[in-house]
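For reference, the structure discussed in these notes is given below.
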Amino acid sequence: MKIGYACLTIGVPDTNFKSCLLKNASENNLYELIYHNLNALENIIDYNIQNQLLLFRITSGLIPFAGTSANTLAWPDIFADRLAQIGEKIKSSGMRVSMHPGQYTVLNSPDPQVVKNAISDLDYHAQVLDSLGLDRQHKIVLHIGGIYNDKVAAQERFISNYHHLPETVKRRLILENDDRLYHIGDVLDIAARINLPVVYDNLHNQTNPCEGKTDNCKWINHCRNTWGKKDGPQKMHYSQQDPQKKPGSHSGTIRIKEFMELYEHLGRTDLDIMLEVKDKNLSAVKCNNCVSTAKTIKTLETEWSRYKYKVLENSPSDYTEIRTLLKNKNQYPAVSFYSLIEQALQKEIHPGQAINAAQHIWGYFKNTASEKEKSSFAKLLAEYNQGQTRLQTIKNFLWKMTLKYNQPYLRDSYYFILSL
DNA sequence: TGACGTCAAGATCCG
DNA sequence: CGGATCTTGACGTCA
């Protein structure tokens, strides 16, 4: 079982993607953007390998405006070597990647121009994966599209347009249930007629269930049969509802107990799970660590080193409890560990605790900081105490100090990137 | 015509 | 001037 995340990282240096407005999409500009984005992608792949994250979705924004008339750059040729290099890392590490055109790529539109654009966009996605030198187990995920007042006709149009796709796309295409129009039953019907694998999305099935059936395991096992040997292991999308937001909104982090319930109820590990969640790689590492049986307390200690100051800021009592939990070096209490972190991060930050955590961070600098920096920090704390400065300002200051005085331990801390 | 979703660019505001 | 915060853009469908 591989567990992965989609498109972006948090807290990993030099992994941001760039884009531009349509009006600025000159060849020169596009060249620079692609050059930058391929470096970012390679840095993400490196990070994934280091952290044993072997499932990943590549962002559709990798090549800005690819597949549209705004980008006439021969990017597959120009960047052939770079793409091949990155592909080698993916292959040699055993990583599986995918791509997922968004809700605006609609293959079954009654408008021929929209269909043409969709085909061109799918072709672009296939070109990326082909240029990376990856086989057909590296998939392209697509939704069915719109209904246009006639669902039957719309489904027929999807199938007929599918047949017009180039082989490079067909061999990678897999279909996903969406949160509004085509539920998992619809998608299974369509997929059966054109022999495509189906990706089950649990949250989409919650907001758009098939015949009111929300038994995840049932649908997952149903979809299993759509996956052929050449397609690689079955894939599914997993996400959780953000309780604060409207139905269908992804949660900030994967609540680990809820995830483990599904994992254990499933009782099989011959499938890959793509997480869709705001904290991206953080949840992927979390879930990975919790399903792994081969890890030791050392893994959790490394994770703790990243979370600890953030936990201290939100909840000193949970901080103490986690430290106690990690004292027994012969156990591997991963789920308890992450549950306590989740509990801590849900708590409201009290100013006194925030100052305490900031002072812990400051401890790394108090002997080396200049007089000016010392007085700046003191001033910020005092202002924050009186409600005149935001906590974020203090954190920005400490982040600058972290880079200036090169403190790797702090540089990797989630204290700086988890804002909730 | 606005909402939907997602991200970063671009614009604007502030000290 | 630099940094923080707000608005816009790019896509297509549906209410």
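In what follows, every chain begins at residue 1, and chains take the letters A, B, ... in the order their sequences are listed.
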TODO: Between B:dA8, C:dG9, C:dC14, spot the one nearest the side chain of A:S19, thanks.
DONE: B:dA8
Task: Phosphate contact (C:dT13 OP1 or OP2) by A:S109 side-chain N/O below 4.0 Å - done: yes
TODO: Check the distance between C:dC11's P and A:L107's CG and give it to me in whole angstrom.
DONE: 18 Å
- [ ] Between A:T393 and A:I147, just flag the one whose closest nucleotide in DNA chain C comes earlier from the 5' side.
- [x] A:T393
TODO: Rounded to the nearest angstrom, tell me the gap between atom CG in A:L181 and atom P in B:dA3.
DONE: 19 Å
Open item on the list: Regarding A:K395, tell me which of base, sugar-phosphate or nothing describes its non-hydrogen contacts under 4.0 Å with the strands shown.
Closed with: nothing
Open item on the list: Check for me whether A:K395 meets the cation-pi criterion with A:F416, that is, NZ or CZ under 6.0 Å from the six-membered ring centre and within 45 degrees of the ring axis.
Closed with: no
Task: Value in whole Å for how far the P atom of C:dT13 lies from CG of A:D150 - done: 15 Å
Task: From C:dA4, C:dG3, B:dT6, nucleotide with atom closest to A:H250 side chain - done: B:dT6
Task: Spacing between A:Q113 atom CD and C:dG12 atom P, to the nearest angstrom - done: 9 Å
Open item on the list: So A:D121, base contact, sugar-phosphate only, or nothing? Heavy-atom distance under 4.0 Å.
Closed with: nothing
Open item on the list: Measure CZ/A:R180 against P/C:dT13 and give the value in whole Å, please.
Closed with: 11 Å
Open item on the list: Can you tell me if A:K280 touches the phosphate of B:dC7, counting only side-chain N or O atoms and a distance under 4.0 Å to OP1 or OP2?
Closed with: yes
Task: Under-4.0 Å side-chain N/O to phosphate OP1/OP2 contact, A:N108 with C:dT13 - done: no
- [ ] Go through C:dG12, B:dG10, B:dC4 for me and flag the one nearest to the A:K246 side chain.
- [x] B:dC4
TODO: Tell me, yes or no, whether the heavy-atom count around A:Y35 atom OH, taken from other residues, nucleotides or ligands under 6.0 Å, exceeds 12.
DONE: no
Open item on the list: More than 12 heavy atoms of other residues, nucleotides or ligands under 6.0 Å from NE2 of A:H36: yes or no?
Closed with: yes
TODO: Please tell me which of the listed nucleotides, B:dC7, C:dT5, C:dG12, lies nearest to the side chain of A:Y104?
DONE: C:dG12
Task: Residue pairs involving residues 89-98 of chain A (criterion side-chain hydrogen bond (donor to acceptor under 3.5 Å, both in side chains); sequence neighbours excluded) - done: A:E42-A:K89, A:D46-A:K89, A:E88-A:K91, A:R96-A:D272, A:S98-A:K235
Open item on the list: Taking the minimum atom-to-atom distance to the side chain of A:L21, which one of C:dC14, C:dA10, B:dG5 wins?
Closed with: C:dA10
Task: Residue closer to the 5' end of DNA chain B, A:K23 versus A:L8 (nearest nucleotide) - done: A:L8
Open item on the list: Measuring to OP1 and OP2 of C:dT13, would you say a side-chain N or O of A:Y148 lies under 4.0 angstrom away?
Closed with: yes
- [ ] Check whether the side chains of A:E176 and A:H204 place a donor and an acceptor atom closer than 3.5 Å, and report yes or no.
- [x] yes
Task: Closest nucleotide among B:dT6, C:dT13, B:dA9 to the A:K18 side chain - done: B:dA9
Task: A:D178 CG - C:dT13 C1' separation (whole Å) - done: 11 Å
Task: Residue whose closest nucleotide on DNA chain C lies nearer the 5' end, A:N149 versus A:Q392 - done: A:Q392
- [ ] Scan A:N16 against the nucleic acid and name what it touches under 4.0 Å (heavy atoms): base, sugar-phosphate only, or nothing.
- [x] nothing
Task: Contact under 4.0 Å: A:N117 side-chain N or O vs C:dC11 OP1/OP2 - done: no
- [ ] Evaluate whether atom CD of A:E348 has more than 12 neighbouring non-hydrogen atoms of other residues, nucleotides or ligands under 6.0 angstrom away.
- [x] no
- [ ] Mind checking A:K278 for me? I need base, sugar-phosphate or nothing, with any heavy atom below 4.0 Å counting as a touch.
- [x] nothing
Open item on the list: Between P on C:dT13 and CG on A:D179, what's the gap in Å once rounded to a whole number?
Closed with: 16 Å
Open item on the list: Output the rounded distance in Å from CG (A:D111) to P (C:dT13).
Closed with: 7 Å
